[in-house]
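Some notes on the structure that comes next.
All figures in this text were calculated on a predicted structure; none of them were measured in a lab. A note on names: the letters A, B, ... follow the listed sequences, proteins ahead of strands, and every chain is numbered from 1.
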2 protein chains.
Amino acid sequence: MKAADKAKHRTDMISSALRSAILERVLMPGMKLPEDSLGERFGVSRTLIRQSLERLAAEGLIELRRNKGAMVAKPSLEEARDLFELRTQIEDLVISRVIKNMSPEILGELEAHLAKEVEAENASEPISIRLATEFHILLARLSGSPVLLRYVEEIGYRCGLTLSLYARPHSTDCGIQEHRQIIDALAKGDEDTARKLMRHHLTAVADRALFTTEEGGPLLYLDALEPYARKVRDGGA
Amino acid sequence: MKAADKAKHRTDMISSALRSAILERVLMPGMKLPEDSLGERFGVSRTLIRQSLERLAAEGLIELRRNKGAMVAKPSLEEARDLFELRTQIEDLVISRVIKNMSPEILGELEAHLAKEVEAENASEPISIRLATEFHILLARLSGSPVLLRYVEEIGYRCGLTLSLYARPHSTDCGIQEHRQIIDALAKGDEDTARKLMRHHLTAVADRALFTTEEGGPLLYLDALEPYARKVRDGGA
DNA sequence: GTATAAAGGATTGTATGCAATTTCGCCACA
DNA sequence: TGTGGCGAAATTGCATACAATCCTTTATAC
């Protein structure tokens with residue numbers, strides 16, 4: 001057996017790559033995802049692509065219509081609202097758990113992530129949605145509950161997709177301040193305040209996303225997947 | 001094109017069959033699920049079986065270990081607790097939505113389902129866990145939110161699995177009374193009471209499940225899948 | 001007798017091939 | 001010019017074939 005047995009395998013890597021591409025607006029809602037092209041791009045056969053697409057469809061990031069292939073999901077505004085509302089309920093639990101587990105190490109991890117967010121904001125990089133989502137996922141991980149992690153991840157990604165669809169750029173800027181406050185409340189062990197802050201934060205993020213930009217038409221294709229594909233092709237080793 | 005285009009296809013049917021088999025304890029936690037045997041049993045190739053297994057793994061009903069195949073999931077007690085806690089949070093939202101949508105038709109559907117539960121109890125059939133779960137799923141459907149439906153279904157099934165693992169038989173009997181009370185509160189439009197009843201109901205169901213029966217060993221095989229497989233083989237028409 | 005190792009069988013991982021369905025272009029015709 | 005249908009190309013659905021991995025059994029050495 002090799003040193004690292006946890007080598008994620010190709011289907012996982014492809015799924016991750018596609019998920020990132022979707023969340024970073026490289027693959028935009030409505031885009032078609034033909035199995036052949038993707039397979040060629042990632043250097044694998046349609047079998048693995050199909051697996052990845054099925055997985056992403058189960059997560060709600062793409063839509064899979066019989067005999068018609070896959071396309072990046074285009075969630076409606078109602079769906080977006082439902083997702084954020086659901087997320088609020090779930091993250092209530094996360095807050096409780098994290099407070100119970102609170103420790104200097106945990107606080108350190110949170111601070112470290114916040115630092116990354118600040119850094120990205122200063123560089124005005126366009127990945128802030130992704131980092132903001134990952135803050136919530138980090139909290140879920142620190143809750144110690146695999147169940148919570150699983151659902152916060154999935155719903156967080158779906159919310160990220162709706163944000164990339166409906167929110168105008170830079171609408172997440174002030175989110176960092178709110179993350180800061182949440183961390184502070186957690187550090188003080190003030191569960192009630194932390195929960196209120198989290199609820200407020202999430203509804204604020206959702207509200208800022210009501211800009212129904214109604215962008216261009218249903219799109220096609222892309223070569224911009226190259227950077228994502230490269231990692232997969234070069235082998236996960 | 002045929003009259004009904006919505007014909008669920010074979011992967012869906014196989015997934016449903018396996019899901020039912022798991023929830024009805026025909027496939028018990030820990031059982032191995034070899035692709036070849038299942039394929040032969042259902043009359044399809046491993047391709048479709050793999051798809052179904054992946055789907056069920058995404059739902060948390062089976063575990064999928066690399067190169068070692070699938071087995072029915074054996075959720076831990078902590079996981080069970082987390083699932084019920086999460087479910088409580090989600091069904092809070094369901095209650096609110098259903099109250100908003102309340103109408104004679106909806107009430108009728110709920111009463112009809114309750115009647116089925118009573119009937120099954122009188123016949124002392126062993127499918128009460130399934131019917132009880134379906135009550136909650138019906139509520140989620142009546143909430144009008146596909147998002148809520150999706151997650152209540154999934155988490156409901158996972159809770160059903162933990163019940164089938166840990167709960168002793170007949171522990172769901174008194175659940176029917178609680179369903180009755182919830183329907184009444186909903187009919188009266190009393191959201192607060194409905195929510196409290198639902199929370200109490202779910203924690204009660206979870207608490208009754210603390211009997212860690214620790215049944216036999218890791219099991220193998222089965223021909224009892226035959227009734228499930230037949231429906232799939234005979235074609236979904 | 002136990003332990004280790006190697007070989008064989010069984011099971012999963014991935015690619016490829018063929019059938020079925022959809023999509024799109026083309027031509028006929030009103 | 002617009003519309004309907006027919007056919008070819010493209011795409012997905014499913015099965016099968018082969019490669020890789022794991023498990024079991026047997027053989028051999030200590």
Stretch residues 52-64 of chain B: residues that reach within less than 4.0 Å of DNA chain D through a heavy atom: none
Plane angle bin for Tyr151(A) and Tyr151(B) - parallel if under 30°, tilted between 30 and 60°, otherwise perpendicular: perpendicular
Whole-Å distance separating the CE atom of Met71(B) from the P atom of dT11(C): 17 Å
Between dA10(C) (C1') and Glu35(B) (CD): distance, integer Å: 12 Å
Pick out the pairs of N or O atoms, protein on one side and nucleotides 14-16 of chain C on the other, that lie under 3.5 Å.
| from | atom 1 | to | atom 2 | distance (Å) |
| --- | --- | --- | --- | --- |
| dA15(C) | OP2 | Ser45(A) | N | 3.1 |
| dA15(C) | OP2 | Ser45(A) | OG | 3.0 |
| dA15(C) | N7 | Thr47(A) | OG1 | 2.7 |

Residues forming a salt bridge (Lys or Arg N to Asp or Glu O under 4.0 Å) with Glu35(B), sequence neighbours excluded: Arg46(B), Arg50(B)
Euclidean distance, atom CD1 of residue Ile49(A) to atom P of dG13(D) [Å, nearest integer]: 14 Å
Minimal non-hydrogen separation, Arg158(B) against Glu79(B), with atom names: NH2-OE2, 2.9 Å
Partner residues of Glu63(A) under the salt bridge (Lys or Arg N to Asp or Glu O under 4.0 Å) criterion, sequence neighbours left out: none
With Glu85(A) via salt bridge (Lys or Arg N to Asp or Glu O under 4.0 Å) - residues at least two apart: Arg97(B)
Short side-chain donor-acceptor distance under 3.5 Å, Ser143(A) and Ser145(A): no
SB check Glu154(A) Arg150(B) (cutoff 4.0 Å): yes
5'-most by nearest nucleotide on DNA chain C - Lys68(B) or Asn67(A): Lys68(B)
Whole-Å gap separating P (dA10(C)) and CG (Asp36(B)): 11 Å
Glu40(A) CD - dT11(D) P separation (whole Å): 11 Å
Atom-to-atom span, CG of Asp12(B) to P of dG13(D) - whole angstrom: 11 Å
Contacts of Arg141(A) that satisfy salt bridge (Lys or Arg N to Asp or Glu O under 4.0 Å) - sequence neighbours left out: none
